[in-house]
Amino acid sequence: MKTYNIALIKGDGIGPEIIQEAVKVLDTVSSTFDFNLKYNELLMGGCAYEQTGDPLPDDTIQGALASDAVLFGAIGGYQWDTLPREKRPESGLLRFRKALGVYANLRPAIVYDELLQASTIKSEIVRGVDIMVVRELIGGIYFGEPKGKDDNRGYNTMVYTRQEIERIAHQAFKIAQTRKKRVCSVDKANVLDVSQLWRDVVTEISRQYPDVELSHMYVDNAAMQLVRDPKQFDVILTGNIFGDILSDEASMICGSIGLLPSASVGADIGVYEPIHGSAPDIAGQGIANPIATISSAAMMLRYALNEQAAADAIDCAVKLALKDGYRTKDLAEFDAKQVCSTKEIGTIIAGYISKCKH
Ligand code: NAD
């Protein structure tokens with residue numbers, strides 16, 4: 001029987017609660033589909049800072065690199081917000097992504113028919129939305145030098161190299177080939193030189209994918225178009241900061257930030273994580289929605305472990321649970337038959353796996 005080594009990073013806030021439910025569902029699919037998952041728990045974030053003085057201990061990088069994939073909860077919390085920047089959990093996360101070379105963040109935003117009412121946008125506008133945001137993850141303004149701050153001036157640098165744009169563009173075009181074959185590249189080329197290079201290079205790369213239609217859009221227009229007519233998008237290709245913002249916007253189209261998974265992939269190891277943060281405002285209350293993390297586990301099975309049937313079974317189990325009216329508190333007002341705790345919905349989704357074995 002195949003055995004896969006999974007690095008588990010629970011992190012802070014609701015991280016441990018949502019990872020526990022993803023593991024529950026993973027354990028069910030692994031026994032249903034006959035493979036083994038071996039977990040190696042690694043420290044990162046505020047909890048790692050408390051124990052080691054570093055939000056990203058070296059052991060965590062080594063452990064992650066030695067695994068087949070990383071399943072990640074979330075990091076951060078108010079109590080660490082006043083630390084020097086390099087000690088803050090968020091700095092650990094950026095260093096972690098860089099160390100693993102995960103340059104492409106794939107963020108699907110799919111509207112479930114069962115949750116049409118949960119969207120803040122009219123049902124007829126969002127029904128059938130199926131967008132993949134392909135966000136560059138280890139370049140751009142979050143990493144550019146120089147950067148700094150004194151009492152009177154703060155500054156960051158947005159920089160992209162040709163090579164960084166080329167590799168993320170290839171990812172987006174390849175993904176589009178498996179979907180509706182449309183890429184919309186989002187930038188701010190009317191103002192930023194870095195965006196003009198982005199646009200030029202994406203256009204060049206597109207010539208290698210004649211079956212995929214490329215369009216360009218300024219980020220301010222894209223933010224507006226996403227709520228005006230989200231169905232016009234198939235793959236959105238964009239840089240680090242624009243992708244960060246647009247994918248949170250896309251999450252509300254779908255109903256709750258607690259629903260959206262992501263995969264961060266690169267040369268070798270992928271990191272699979274919900275798009276939301278550690279939600280300190282609801283941590284420890286047992287009300288967090290674990291579906292984004294459970295769906296991230298499905299992406300891990302699909303992209304990292306090539307266990308397609310098991311991944312499909314998780315997606316199917318999530319849909320059935322929602323169809324049958326099981327909701328966590330964030331979605332309680334939308335046709336809930338039963339409002340569930342984090343643990344309860346995890347157990348319910350795990351329970352549907354056997355019905356989803358095809
Ligand atoms: P957040 O995503 O943690 O929370 C935003 C809002 O969404 C909150 O009201 C929260 O309760 C709600 N929410 C988030 N996830 C939910 C879930 N699964 N179920 C139900 N409700 C959910 O963003 P924030 O409040 O801006 O940040 C909180 C902390 O998380 C900060 O320290 C931030 O730096 C960190 N953060 C971490 C990551 C990560 O680990 N990848 C990403 C974003 C933010």
Side-chain angles (χ1 to χ4, degrees), residues 8-22 42-50 55-56 60 64 70-83 85 87-98 100 102 105-107 115 118 120 133 135 137-138 142 240-241 243-252 254-264 270-297 318 322 326-334 336 339-346 349:
L8 267 193
I9 300 181
K10 295 180 177 173
D12 308 313
I14 60 170
E17 301 167 51
I18 54 181
I19 286 284
Q20 191 178 341
E21 299 317 303
L42 302 171
L43 267 184
M44 190 172 151
C47 57
Y49 171 77
E50 297 299 339
L56 177 63
T60 296
V70 180
L71 186 63
F72 186 96
I75 50 92
Y78 314 128
Q79 64 271 53
W80 301 293
D81 283 353
T82 49
L83 287 174
R85 186 152 306 277
K87 296 285 182 199
R88 287 178 56 169
E90 295 80 1
S91 303
L93 180 57
L94 294 189
R95 270 202 284 140
F96 183 67
R97 289 172 175 164
K98 194 89 172 174
L100 265 61
V102 287
N105 185 225
L106 317 181
R107 293 184 166 199
L115 288 180
T120 46
V133 180
R135 167 190 169 197
L137 199 60
I138 57 175
Y142 292 172
N240 207 340
I241 189 168
D244 199 1
I245 297 164
L246 292 179
S247 52
D248 268 27
E249 188 186 355
S251 76
M252 263 329 286
C254 303
S256 168
I257 196 165
L259 291 171
L260 290 205
S262 84
S264 301
V271 181
Y272 298 84
E273 57 177 314
I275 76 154
H276 58 74
S278 58
D281 54 333
I282 59 166
Q285 297 176 32
I287 57 171
N289 187 344
I291 289 180
T293 316
I294 292 169
S295 299
S296 301
V318 166
L322 292 172
Y326 297 104
R327 309 269 188 270
T328 38
K329 196 168 168 230
D330 50 317
L331 296 168
E333 350 161 10
F334 308 107
V339 178
C340 306
S341 68
T342 309
K343 283 192 168 130
E344 284 166 345
I345 194 114
I349 292 169

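FYI, side chains are in, hydrogens and waters are out, and symmetry mates aren't considered; it's all heavy atoms of this structure. When a ligand or atom number is given, it counts from 1 through the structure's own listing order.
Ligand-side atoms of ligand 1 in range of Ala288: 19 (N), range being under 4.0 angstrom from any heavy atom. Interface atoms of ligand 1 facing Gly76, defined by a heavy-atom separation under 4.0 Å, are 32 (O). Ligand-side atoms of ligand 1 in range of Gly258: 17 (C), 18 (N), range being under 4.0 angstrom from any heavy atom.
For Asn289, a nitrogen or oxygen atom sits less than 3.5 Å from a nitrogen or oxygen atom of ligand 1, counting backbone and side chain alike. For a threshold of 3.5 Å applied to N or O pairs, the pair formed by Ile75 and ligand 1 contains at least one separation below that value. At least one N/O-N/O distance between Ala279 and ligand 1 falls below 3.5 Å. Note: an N/O pair closer than 3.5 Å links Asp281 and ligand 1 by distance alone. Annotation: Ala74 places no N or O atom under 3.5 Å from an N or O atom of ligand 1; distance criterion only.
Looking at Thr342 and Ile14, their side chains never come closer than 4.5 Å, going by heavy atoms from C-beta outward. Residues Glu90 and Arg85 are not in side-chain contact: their nearest non-hydrogen atoms beyond the backbone lie 4.5 Å or more apart. Annotation: side chain of Leu42 is not in contact with side chain of Val70 (no heavy-atom distance under 4.5 Å). Contact check for Ser247 versus Leu260: no side-chain heavy atoms found under the 4.5 Å cut-off. Side-chain contact between Asp248 and Arg107: present, with at least one pair of heavy atoms (C-beta onward) separated by less than 4.5 Å. Side-chain contact between Ile75 and Ser278 is absent, with no heavy-atom pair separated by less than 4.5 Å. Inter-residue side-chain proximity for Pro55 and Arg95 is flagged as met; some heavy-atom pair is nearer than 4.5 Å.
In this structure, Cys254 SG and Ile291 CD1 are separated by 12.0 Å, a value rounded to the nearest 0.5 Å. Here the CD-NZ distance, from Glu17 to Lys343, works out to 8.0 Å after rounding to the nearest 0.5 Å. How far CG of Leu259 is from CG of Leu115: 6.0 Å, rounded to the nearest 0.5 Å. Atom NZ of Lys329 and atom CD1 of Ile345 lie 15.0 Å apart (nearest 0.5 Å).
For atom 2 (O) of ligand 1, the nearest protein heavy atom is under 4.0 Å away. Within the 4.0 Å cut-off (strictly below), no protein heavy atom is located near atom 24 (P) of ligand 1. Closer than 4.0 Å to atom 11 (O) of ligand 1 lies at least one heavy atom of the protein.
Here the heavy atom of the protein found nearest to atom 42 (C) of ligand 1 is Gly277 CA, 3.6 Å. Considering only non-hydrogen protein atoms, atom 21 (N) of ligand 1 sits nearest to Ile282 CD1, 3.6 Å. Closest protein heavy atom to atom 15 (N) of ligand 1: His276 CG, 3.1 Å. Among protein heavy atoms, the minimum distance from atom 7 (O) of ligand 1 is reached at Ile257 CG2, 3.6 Å. Considering only non-hydrogen protein atoms, atom 29 (C) of ligand 1 sits nearest to Ser278 OG, 3.3 Å.
Scored by the side chain to side chain contact (heavy atoms under 4.5 Å, CB included) test, Arg97 finds Leu93, Leu94, Val102, Arg135, Leu137, Ile138, Glu273 as partners (sequence neighbours excluded).
Put simply, part of Pro280 is less than 4.0 Å from ligand 1, judged by heavy atoms.
Contacts between Leu93 and ligand 1 below 4.0 angstrom, taking non-hydrogen atoms only, involve the side chain exclusively. Within the 4.0 Å heavy-atom criterion, the part of Glu90 lying near ligand 1 is the side chain and not the backbone. Contacts of Glu273 with ligand 1, taken as heavy-atom pairs under 4.0 Å, involve the side chain alone. If you look at Ile14 next to ligand 1, the close heavy atoms, those under 4.0 Å, all belong to the side chain.
Screening residues 70-83 for side chain to side chain donor-acceptor pair (under 3.5 Å) gives Glu50-Trp80 as the qualifying pairs, with residues at least two apart or on separate chains.
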